[in-house]
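Below, each value reflects all heavy atoms present in this structure, side chains not excepted, and no hydrogens, waters or symmetry copies. None of these values were measured; they are calculated from a predicted model.
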Amino acid sequence: MFKRPSFSTVVLVCLFGGVCVKNIYTYIIPLEINLPFLKSLNPIQAEAVTFGDGPLLILAGAGSGKTKVLTARIAYLVLKKSVPPENVLAVTFTNKAASEMRRRLFSLIGDRAQRLWLGTFHSIGVKLLRREARAAGVGRDLTIYDDDDQLSLIKQAMGELSISEKTFSPKAVLARINQAKNENIGASEFAKDARDFLSERAARVYSLYQKKLREYGAMDFGDLICEPVKLLRQNPHILKGYQDLFQYLLVDEYQDTNRAQYELTNLLASGTRNLLAVGDPDQSIYAWRGADISNILDFEKDYPDSTTLRLEQNYRSTKNILAAANSVIVKNRTRLEKTLWTENQAGETLLFEEARDEYDEARRVIKGIKGLLDGDRSCSYRDCAIFYRTNAQSRVFEEQLMREGIPYTIVGGVRFYDRKEIKDAVAYLRVIANPNDSLSLQRVINNPPRGVGKATFDRVLALGAERGISLFQAFGEAMESGALNKTRVRGFLEACEGFRKDIGRLSLHELALRLLEDSGYMLMWQEDGSEEAMERVENIFEFISAIKDFESVNKDASLSGFLDQVALISDMDTYDDAPDRVTLMTLHSAKGLEFRAVFMAGMEEGLFPHSRSKDDPESLEEERRLCYVGMTRARERLHLYSAKTRTVYGETRYQMRSRFIDEIPPELLTMTSTEPREEKRVYTDEPYYTSEDSQAAAHMDDTSDPLPWKVGTKVMHPSFGPGVIKERSGQGPDAKLTVNFKDFGVKKLVVKYASLSPVR
């Protein structure tokens, strides 16, 4: 079969033949094609779009126009090569991306775009299964179960198998099953490989779970990929039909495919072998969802006759931003060589600032946003985005933005105080503050499960109405009378009474943490052990930190006062419908987006890169890719921030700035830091102390000194700023200080909670 010469070959022939470079398109793209959209392509994009037959890998760097290339390629196939639209299969990873691609194609090929096989892997899988319902053994009225449906069915299966949810978390079992389906491992194969106690139980659940799915005429998302693979393998004539149907296959975000998606793609492409895979291994950040980066790294091994093109020209960012991003990602060993470049201006250098703590960090970010808007009238809030590694980091930014009256929106998540685990924690505290708050009690009485079903709840509710007492008191009386005999309910009531008994004797944040622990709520998430559960635990500890911060600011801190503040924060979010807002999001949510100015917070070892990557080189490389993704979202300005100290799990820790900062060449950074950049850095997960930090810590904790915090000492507080110690009682970390702050007046603080530092 004739294969058209590469673009680079044509260029050489033209140059040696004396043809002007600007006229090269006359040779590579004949004028009679009359496809105006080809004229807007750069040379490499044009080569990709007009490529002949055979496997093609396009390494598309950030901001290099891959969507433009994909849509132009499809239009070229339909308009120039006269390929019927129904013979083209294009796979995207989100419905939004599919809709955008179809919208663009309508403008290029008109109504023919409707006939394309265009959608996500899951939507393509559903379409294929419905077409082959009889052979696949499914009904045409197939129901697709979401995550909640899956979990309910898992619990049902565990109940029938007499597997206690107290011993095995249903979510943990579901996570095992979903991971198996990502790798296209069926129930029987999973059972053969089960080696440990949890895997053996999960295998039993997996088998019954699949049986029930079939009984209910349902499939989960994993089945929508695994079942088509199974169908095609077991029915060679059906496979041959689809191989003939799909003359050209295009797969976007190839680096994010899992094993099952990879196998489905290769089955369908093994006919014509006209597979175009577009992706960027440098932007592979979803391993925790099952994505397998080796799929794109091994493309040339899977298809030895393939051609690889690199889209390296970036149309988004400045030269300085790209140079900095390249300097970070080049440290990864598991990648395919590619270097982004741009014809854009050099732009400003990146800004790195080291803050005192997370509050100072938030203030610096907001100051940077304000300064940007003041200096450039064409810039607005919508042009600015704040990125962070974990959802728990959003709380401080939300509070500070609301205090400043700056509108914001959160992408890829909910506001901190609207998250389920935080609403649950607040409901626990409301039950303490107001025993008549039946709504809050309904939320927490069976959360975690305590065996209180609807019938039981209704009986206790009737008892309370009959006796004229609160629902909380009714539960107590039901337990005392023997009408209700639930050990976990007794534990919940005792945890609440213990909180009330110790109010005034212990701090609010200590009481709140003990309540969530004694009630079993914290244990529920910790035993789950999934990535999502661990993030919920982090958010709960951030909630405890919020209570601690409230106590440090308010002299007579009370539970009702804190709950009032939480209610005001929740109700003050009046900017949701405003068109001009600062965007807050995790770095994982930022992929595919771009902003004029990006502010990346929490650039610290143990946070970013995350501590979970400590002993795993592959995880560390994914963290670096995540940093690269964040940096390449910025068009004109990129600001990076770290905190010298940060409150984590209710404890103030000394932080070491991220290695990613030190991987950026000094000439690309304008730094505001408390330590010299040239200092040799050793990266560990242990708290990092500068010499100044060590002196301050010793000054705070050395109880051998009779007066570690002497009257007259100048100090600095993260919220109150500079002040002078006026009075002191006690010693060591439990010492109580009376401090006169310059801008906030006199405050009484306890050393171990105050986050004070002496002013040298």
Side-chain angles (χ1 to χ4, degrees), residues 285-286 288 328 350-369 381 384-402 406 408-419 421-422 531-532 534-543 545-546 549 581-595 597-613 622-634 637-649 653 655-661:
I285 59 174
Y286 296 124
W288 51 280
V328 171
L350 284 64
L351 175 68
F352 170 68
E353 293 191 57
E354 183 186 55
R356 291 192 303 273
D357 57 21
E358 62 266 40
Y359 286 94
D360 185 36
E361 178 185 53
R363 285 191 291 268
R364 286 172 183 253
V365 169
I366 292 172
K367 181 181 178 182
I369 293 173
Y381 288 131
C384 304
I386 302 172
F387 296 164
Y388 35 80
R389 177 62 179 83
T390 66
N391 278 312
Q393 292 170 256
S394 75
R395 176 184 67 86
V396 176
F397 287 105
E398 290 184 63
E399 292 178 355
Q400 295 296 321
L401 286 166
M402 278 190 267
I406 296 176
Y408 70 91
T409 187
I410 296 181
V411 174
V414 295
R415 295 179 343 104
F416 182 83
Y417 287 103
D418 285 343
R419 290 168 184 147
E421 61 275 17
I422 304 305
E531 180 85 7
E532 178 187 358
M534 292 302 97
E535 185 158 322
R536 291 189 189 277
V537 171
E538 290 181 10
N539 288 338
I540 293 169
F541 277 115
E542 183 68 9
F543 177 71
S545 296
D549 292 339
R581 310 175 284 225
V582 173
T583 301
L584 279 69
M585 67 178 73
T586 64
L587 284 148
H588 281 102
S589 299
K591 193 165 180 286
L593 302 176
E594 61 180 68
F595 301 88
V598 166
F599 301 80
M600 289 173 57
M603 302 292 293
E604 301 142 29
E605 291 292 305
L607 182 56
F608 191 37
H610 200 280
S611 58
R612 286 193 290 269
S613 66
E622 177 143 334
E623 291 287 297
R624 185 174 280 108
R625 292 194 292 269
L626 188 58
C627 181
Y628 175 79
V629 166
M631 296 174 74
T632 53
R633 299 311 94 192
R637 292 178 175 83
L638 178 58
H639 295 197
L640 309 169
Y641 299 84
S642 70
K644 195 174 179 183
T645 64
R646 188 177 296 274
T647 302
V648 182
Y649 299 154
R653 298 180 180 179
Q655 301 290 94
M656 177 181 180
R657 72 168 175 250
S658 171
R659 69 191 69 196
F660 302 147
I661 296 297

Mind listing the closest non-hydrogen atom pair of [X] and [Y] along with its distance?
X	Y	result
Phe397	Ala362	CE2-CA, 3.6 Å
Cys627	Met603	SG-CE, 4.1 Å
Pro609	Glu623	CA-OE1, 3.3 Å
Ile661	Leu640	CD1-CD1, 3.6 Å
Gly630	Phe387	O-CE1, 3.6 Å

[atom1]/[X] to [atom2]/[Y] distance, rounded to the nearest 0.5 angstrom?
X	Y	atom1	atom2	result
Ile369	Tyr408	CD1	OH	13.0 Å
Ser658	Met600	OG	CE	8.5 Å
Ser394	Asn539	OG	CG	7.5 Å
Leu350	Met631	CG	CE	5.5 Å

Taking Glu353 as the fixed residue, which of Lys367, Arg364, Arg363 is the one that meets the salt bridge (charged side-chain N to carboxylate O under 4.0 Å, His left out) rule?
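With Glu353 as partner, salt bridge (charged side-chain N to carboxylate O under 4.0 Å, His left out) holds for just one option, Arg364.
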Salt bridge between [X] and [Y], side-chain N to carboxylate O under 4.0 Å?
X	Y	result
Lys644	Glu354	no
Glu622	Arg625	yes
Arg612	Glu531	yes
Glu532	Arg419	no

Are the side chains of [Y] and [X] in contact, using a 4.5 Å heavy-atom criterion?
X	Y	value
Leu584	Val411	no
Thr583	Phe595	yes
Leu587	Val629	no
Tyr388	Leu607	no
Val582	Ile386	yes
Tyr417	Arg395	yes
Val537	Met534	yes
Val328	Arg624	yes

Got a donor-acceptor contact below 3.5 angstrom from the [X] side chain to the [Y] backbone?
X	Y	value
Ser545	Phe541	yes
Asp360	Ala355	no
Gln393	Thr390	yes
His639	Gly368	no
Glu605	Arg659	yes
Tyr286	His588	yes
Ser589	Met585	no
Thr645	Arg356	yes

Apply side chain to side chain contact (heavy atoms under 4.5 Å, CB included) to residues Leu626 and Arg389 and explain how you reach the verdict.
CA-CA 9 Å; Leu626 188 58; Arg389 177 62 179 83; 3.7 Å; yes
Which is it for Tyr359 and Gln400 under the side chain to side chain donor-acceptor pair (under 3.5 Å) test, yes or no, and what are the steps along the way?
CA-CA 8 Å; Tyr359 286 94; Gln400 295 296 321; over 6 Å; no
Please assess Arg633 against Glu594 for the test salt bridge (charged side-chain N to carboxylate O under 4.0 Å, His left out), listing each intermediate value before the final yes or no.
CA-CA 4 Å; Arg633 299 311 94 192; Glu594 61 180 68; over 6 Å; no
Can you list everything that forms a salt bridge (Lys or Arg N to Asp or Glu O under 4.0 Å) with Arg646? Sequence neighbours excluded, please.
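Arg646 satisfies salt bridge (Lys or Arg N to Asp or Glu O under 4.0 Å) with Glu361, Glu604 only.
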Between Phe608 and Phe660, is the gap from one ring center to the other below 6.0 Å?
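Yes, ring centres under 6.0 Å apart.
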Check against side chain to side chain contact (heavy atoms under 4.5 Å, CB included), Phe352 and Arg657
CA-CA 10 Å; Phe352 170 68; Arg657 72 168 175 250; 4.0 Å; yes
